[in-house]
Amino acid sequence: RKRDKITAMTKLIILIIAVIIVVAVVGFVRRDRGQGTGPKGYDYKKKPFFLSRAEHECYDALMSSVGHEYYIFAQVHLPTIVDHKINGQNWRGALAHINQKSVDFVLCDKAYIAPKLGIELDDRSHERPDRIDRDHEVERILKTAGVPLLRLSNHGKFDSAELAQKIKTALDNSAEQGGVK
């Protein structure tokens with residue numbers, strides 16, 4: 001009888017260990033296939049920085065040049081600043097078309113937090129053919145929506161006074177063309 005209890009206990013322990021091993025192996029296999037342990041099968045981790053070094057330098061220059069006049073938002077997805085619900089078009093299709101597109105910065109007025117100017121910081125990646133096509137489409141979308149876009153070349157440093165003048169010129173040009181001021 002005592003021996004039967006020991007044998008049953010040993011079998012139970014072996015079964016528990018086997019279940020633990022199977023669960024661990026399945027977890028590793030899922031991760032190797034690109035599936036994490038989260039509820040939808042994906043895992044995430046915090047990025048060390050919100051902005052790249054160049055974007056951060058540009059942001060600092062924007063703050064120095066127009067931060068007193070505008071709120072400056074970074075990494076803004078197009079659905080945040082343009083409305084896709086236009087009568088006569090497929091809203092889901094229109095949203096899907098802009099959903100994964102963004103601009104580096106958006107200046108918004110301080111009274112209503114209304115978008116006034118999109119800003120794209122162009123580096124070498126913007127010279128790739130696929131990126132050129134994407135940039136043209138973002139420009140078209142924003143122009144159609146009445147949001148001017150200022151493209152800045154990334155040459156390392158940003159002069160706050162020069163940047164303030166470029167922003168003023170972009171906004172003035174937009175106002176002359178019937179855009180948002």
Side-chain angles (χ1 to χ4, degrees), residues 1-63 67 70-86 89-108 113 115 117-142 145 147 149 151-158:
R1 236 181 202 290
K2 192 173 185 181
R3 189 173 192 186
D4 290 339
K5 284 184 181 181
I6 292 173
T7 304
M9 185 67 83
T10 303
K11 287 179 182 179
L12 181 61
I13 291 172
I14 291 172
L15 179 63
I16 291 171
I17 291 171
V19 167
I20 291 171
I21 291 171
V22 167
V23 168
V25 167
V26 167
F28 287 122
V29 168
R30 285 182 68 192
R31 285 193 180 173
D32 287 344
R33 291 183 183 159
Q35 297 176 343
T37 59
K40 296 287 185 183
Y42 301 102
D43 292 329
Y44 303 92
K45 67 179 183 176
K46 180 183 78 146
K47 289 183 175 183
F49 304 103
F50 182 68
L51 301 173
S52 70
R53 188 180 75 193
E55 290 168 337
H56 190 182
E57 289 171 3
C58 185
Y59 180 83
D60 288 344
L62 286 168
M63 286 299 292
Y70 297 100
Y71 288 122
I72 303 164
F73 297 97
Q75 304 295 333
V76 180
H77 285 91
L78 293 189
T80 307
I81 57 174
V82 300
D83 192 357
H84 65 282
K85 294 181 179 179
I86 307 298
Q89 77 177 359
N90 177 333
W91 294 355
R92 286 186 182 159
L95 177 60
H97 183 67
I98 64 171
N99 203 29
Q100 294 188 13
K101 293 176 177 67
S102 63
V103 291
D104 293 318
F105 303 100
V106 173
L107 302 186
C108 293
I113 313 179
L117 179 69
I119 299 174
E120 275 283 90
L121 182 58
D122 293 342
D123 58 13
R124 286 188 178 157
S125 71
H126 289 262
E127 296 170 7
R128 294 189 334 244
D130 64 316
R131 193 61 190 229
I132 291 170
D133 291 343
R134 176 249 177 232
D135 288 346
H136 286 307
E137 183 59 8
V138 168
E139 288 174 20
R140 185 197 67 77
I141 291 165
L142 291 176
V147 179
L149 180 66
R151 303 196 77 80
L152 300 173
S153 295
N154 176 16
H155 297 296
K157 297 290 180 193
F158 300 92

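None of the values given here were measured: they were computed from a predicted structure. In this chain, residues are counted from 1 in sequence order.
- Ion pairing between Arg131 and Asp135 holds under the 4.0 Å rule for side-chain N and carboxylate O.
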Step-by-step side chain to side chain contact (heavy atoms under 4.5 Å, CB included) determination, Phe105 to Glu55: CA-CA 9 Å; Phe105 303 100; Glu55 290 168 337; 4.2 Å; yes

Evaluation steps, side chain to side chain contact (heavy atoms under 4.5 Å, CB included), between Leu142 and Val103: CA-CA 10 Å; Leu142 291 176; Val103 291; 3.9 Å; yes

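- Surrounding CD of Gln89 are more than 12 heavy atoms belonging to other residues, nucleotides or ligands, all under 6.0 Å away.
- Here the CG atom belonging to Leu12 is positioned 10.0 Å from the CD1 atom belonging to Ile17, to the nearest 0.5 angstrom.
- Closest heavy-atom contact between Val106 and Ile81: CG2-CD1, 3.9 Å.
- Across His84 and Trp91, no two heavy atoms sit closer than the pair CD2-O, 3.2 Å.
- Asp122 meets the salt bridge (charged side-chain N to carboxylate O under 4.0 Å, His left out) test with Arg151; sequence neighbours excluded.
- Between Glu137 and Arg140 there is a salt bridge, with a side-chain nitrogen of the basic residue lying less than 4.0 Å from a carboxylate oxygen of the acidic one.
- For the salt bridge (charged side-chain N to carboxylate O under 4.0 Å, His left out) test, residues two or more places apart in sequence or in another chain that qualify with Arg53 are Glu57.
- Applying the salt bridge (charged side-chain N to carboxylate O under 4.0 Å, His left out) criterion to Asp83, with sequence neighbours excluded, gives no partner residue.
- Minimum heavy-atom separation, Gly67 to Ile72: CA-CD1, 4.1 Å.
- Going from atom OH of Tyr70 over to atom CG of Leu117 covers 8.0 Å, rounded to the nearest 0.5 Å.
- A pairwise comparison of heavy atoms in Asn154 and Ala54 identifies ND2-CB, 3.2 Å as the closest pair.
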Derivation and outcome, side chain to side chain contact (heavy atoms under 4.5 Å, CB included), residues Leu62 and Phe158: CA-CA 9 Å; Leu62 286 168; Phe158 300 92; over 6 Å; no

Verdict with supporting geometry, Leu152 and Glu120, side chain to side chain contact (heavy atoms under 4.5 Å, CB included): CA-CA 6 Å; Leu152 300 173; Glu120 275 283 90; over 6 Å; no

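- Contact detail for Ile119 and Leu149: the closest heavy-atom pair is N-CD1, 3.9 Å.
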